[in-house]
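One structure below.
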Amino acid sequence: MSYPSLPTSKLFQLTALTLSLALAGCGGGGTDTVAPEPDTGVQLPGTDNGGGTEVPVGALNISSSQLVDADNNPINAIGLEGAYYEVLVTDDNSEPVIGARVSFSIDAEGIALSQTTSGSTLTNSDGEARIFLKPNAPDVSGAYIITANASNGNNTAIDNLTFSVQATNVSLSALQVTDSQLNAGGQTAVSLKTTDTNGNAISGVLVNLNAACGQLPEQVTSDENGMINFVYKAINIDNTLCSGAVRISANTGNVTQSASISIQAPEATSIVYTANDLTLGIQNSGSSATGAVEFTVFSNRTPLANADVTLSLEKSPLGLTFGVLGNTSNIPATTDSNGVVSVNIYPGTTPGPVEIKATLDSDPRINALSKNISIASSRVTQTGLSLSWEKNVLDWSLDGDTSNITARMVDRNGNAVPDGTVINFTAEGGKVTSSCPTSNGVCSVTFSTQNPRPGDGRVSILAVAEGEKEYIDLNQNNAWDKDTDILVHNIGDTFRDDNENGTYQLGEFTYPLTTSASESCDNNLDRYINLKFPSLSDLKRMQYKANYIGEFVSPNKVNTCNNDLDAVVRYQGITLLADKDARFTIIAPQLNAQTQEVYANNSLISIRMNSDGFYDLNPMPSGTTISATATDNTDSDSINIDVSPSGRANTYDILFSGVGSGRILKFTLDGNTYTATENNNGTYVFEDLERDTPPTSDDIQVESENGSCSAEIRSGVEKVPANVATGSPGDNLGTVTTFKLKDCSVGDEFTVIATTPNGNVTRLTYPIR
């Protein structure tokens, strides 16, 4: 029968298993050609009924199929040694089909198909394809069906063969253990042999292995000589050690062999401190309240469980306990399954190093000391917070001029606060990173210019951190005792003092964490100074107290204190904003108010440089440079020269005018150089020149005056520093630079130049009078 040629996926939708079930009643060796009845209504697109090209599906046949042994002898049953299943694929003319794909499948578990990973092979030049069958175990038995499904293009053919599997009688020899007496963690070789009931070696037998403790393969297969060799290790996968009698067994089918191995009890050979470095804060520091240290006991290189250990406190600062809170006595302990013993430590009120010793009870000579444990860090103290600016005068004309602000924090012992201590920032203007966590007591945030910009160009920046007040330890126990010790200067709630008047006013930013306290903030600075700095003069005492309050108390709200140690530690600093253009003011000598001229007879000029515009009290941006140039406007051609007899024979006086005052006038005559002296009236004279004839003006050459007027920095600021003193509101913070004028006269000019880091240049020229 013929029918329209369609894709295989449309014509055939039967799987190999479906076909196998459909043909399960067929006997082995026959050839079946499968051609499903087509739907006669199906036709190729664009054709009428019967209008397509017909392709016969039965053009592929499996002419023969059989089981053969390794010597190619036909068989009907297989044993543990396995067999080949082979088929011959031909076309309708009984000619071999080369390269046809043949897929093989088994209808039940227990038989493995090998020598191909896909379960399929291609026919060879004789049209033959084969696959190897093998029982998975000696006890596999019963009837099985193997199916071969051949395909070539749109043509298929299928064949089934029923065969039987006979269970193989396998014998196992006794287990041969090379060393039946092992140390803990030791290993030994084990062997056995697989044979049939007649004593003939059987290869490929799968044998299961098992042991109550230790490691060995789960399954092994006998080699061509029937031998099985493996290694037993007296240690578990989790590194726990075996001890005592351990029985190992081997079985296949219903046959089992076993042997016993004696393993010596493990002995502790070493103990090692295996914890990481540990740094804890003192009691009530706000950092870690406890930490654990651990030791590991080994038997050779393997962790040893159930070893008895004694832990002792060898060295510790005041108040430290371990094991349980308050204990300082030795602690007996036993290692866990990983050979580990651990103990908690509880800091006291004093910093210092800690040493804990672990000793084996079985041999006190074997012990170990903890390493790198210290009690050091506490909360930041009232005087332990400081801020530093990368630069503190920024260009307000730019958005995004930045400066890093670095916070540094220590506890009352001068140690870095615990890593991760957070400090928070707020700013009156611009933008500041809200917070940063410390590492080794240090962290940084970034301030950048943008709106809003304060009207006075002074940006208040407040930094706060949870810490503790500074106190005088009167009972010398390095801990705060409320009824004994006294606070140096109590602090309460803080705020950002934007107007810098030292007093909180409604509308100023308040740090949201408040104490809800209402007591006065006691001041014991005099007692503190007498204790710490008894030799200070009265003036120095006043200065120290003012500085302490300004840096470590303010900004502080009055009547918000209590007598607890906890506090919000604060530090306020100022960032200045400056215009990109400079403003110059001559502060010495006094400028001619009417003509704005510099007096020529003053050789030193001091100039103060400020930001121009809105922030005219502030300095220029950090990094701005100041320089000066001088322009000599004197023309030597305009100098008048008069020669007159001096009163003695052959001597003459030479008078120069039109030069200007404050100069050094030199001239050459007859190859010699002379210097004239300035008169009070601004003229210059050289007297008693000896010459046979009077010189003419053409004989006298005045040295060029052009370019002889110069200016150079003599003292003061050449570049605005990264950080300048911020003073108080209303202070003039401009920088002062002094220049020296040289060889200048009336009519010359003096120019001051300011250049910002952003490249903006401001120039101002003064005429010299």
Side-chain angles (χ1 to χ4, degrees), residues 271-296 309-331 333 336 338 340-359 367-385 407-423 435-443 465-471 473 475-482 485 564-569:
I271 185 168
V272 177
Y273 177 68
T274 51
N276 295 324
D277 295 352
L278 180 63
T279 300
L280 298 175
I282 62 173
Q283 186 178 357
N284 298 321
S285 67
S287 58
S288 300
T290 185
V293 298
E294 70 173 34
F295 299 84
T296 302
V309 176
T310 297
L311 301 169
S312 57
L313 191 60
E314 298 295 305
K315 181 189 296 184
S316 67
L318 180 67
L320 183 137
T321 57
F322 80 131
V324 294
L325 188 63
N327 176 70
T328 57
S329 302
N330 292 355
I331 299 174
D336 62 15
N338 297 315
V340 173
V341 60
S342 63
V343 63
N344 287 338
I345 59 175
Y346 303 91
T349 59
T350 306
V354 178
E355 282 188 0
I356 294 176
K357 185 178 183 180
T359 304
N367 56 69
L369 283 174
S370 62
K371 299 177 182 178
N372 299 324
I373 302 177
S374 63
I375 310 301
S377 299
S378 180
R379 293 180 296 180
V380 58
T381 188
Q382 182 177 348
T383 57
L385 168 61
R408 290 176 170 82
M409 291 187 282
V410 296
D411 62 14
R412 70 185 307 268
N413 299 301
N415 302 131
V417 297
D419 286 353
T421 298
V422 175
I423 181 168
S435 64
C436 63
T438 60
S439 174
N440 195 30
V442 179
C443 72
E466 300 299 320
E468 60 186 39
K469 304 167 187 175
E470 187 174 24
Y471 63 91
D473 186 15
N475 61 1
Q476 306 175 54
N477 67 347
N478 199 41
W480 165 249
D481 297 297
K482 189 173 183 178
D485 301 329
D564 294 332
L565 186 65
D566 297 342
V568 175
V569 176

Heavy-atom check, side chain of [X] versus side chain of [Y], under 4.5 Å:
| X | Y | result |
| --- | --- | --- |
| Leu320 | Leu313 | yes |
| Pro353 | Lys315 | yes |
| Lys482 | Asp564 | yes |
| Thr381 | Val569 | no |
| Lys357 | Leu311 | no |

Only counting residues at least two apart or in another chain, list the ones meeting side-chain contact (heavy atoms from CB on, under 4.5 Å) with [X].
| X | result |
| --- | --- |
| Thr421 | Met409, Val417, Pro418, Thr438 |
| Val410 | none |
| Ala567 | Lys469, Ile491 |
| Lys371 | Tyr273 |

Working to the nearest 0.5 Å, report the span between [atom1] of [X] and [atom2] of [Y].
| X | Y | atom1 | atom2 | result |
| --- | --- | --- | --- | --- |
| Ser370 | Asp277 | OG | CG | 10.5 Å |
| Phe322 | Ile331 | CZ | CD1 | 4.0 Å |
| Glu466 | Arg379 | CD | CZ | 8.5 Å |
| Ile356 | Ile345 | CD1 | CD1 | 5.5 Å |
| Phe295 | Asn367 | CZ | CG | 9.5 Å |
| Asp485 | Asn475 | CG | CG | 5.0 Å |

Side chain to side chain donor-acceptor pair (under 3.5 Å), that's the test. Do Thr274 and Glu294 meet it? Break it down for me. CA-CA 6 Å; Thr274 51; Glu294 70 173 34; 3.1 Å; yes
Tell me, please, which residues at least two apart from Asp336 pass salt bridge (charged side-chain N to carboxylate O under 4.0 Å, His left out).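 Asp336 satisfies salt bridge (charged side-chain N to carboxylate O under 4.0 Å, His left out) with no other residue.
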For the side chain of [X] and the backbone of [Y], is there at least one donor-acceptor N/O pair under 3.5 Å apart?
| X | Y | answer |
| --- | --- | --- |
| Asn477 | Ala479 | yes |
| Asp419 | Asn440 | yes |
| Asp411 | Asn413 | yes |

Strictly by side chain to side chain donor-acceptor pair (under 3.5 Å), give each pair with a member in residues 322-331 just once, sequence neighbours left out.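 Matches after skipping sequence neighbours: none remain.
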Take a 6.0 Å sphere around CD of Gln476 and say whether it holds more than 12 heavy atoms from other residues, nucleotides or ligands.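 Not buried by this count: 12 neighbours or fewer within 6.0 Å.
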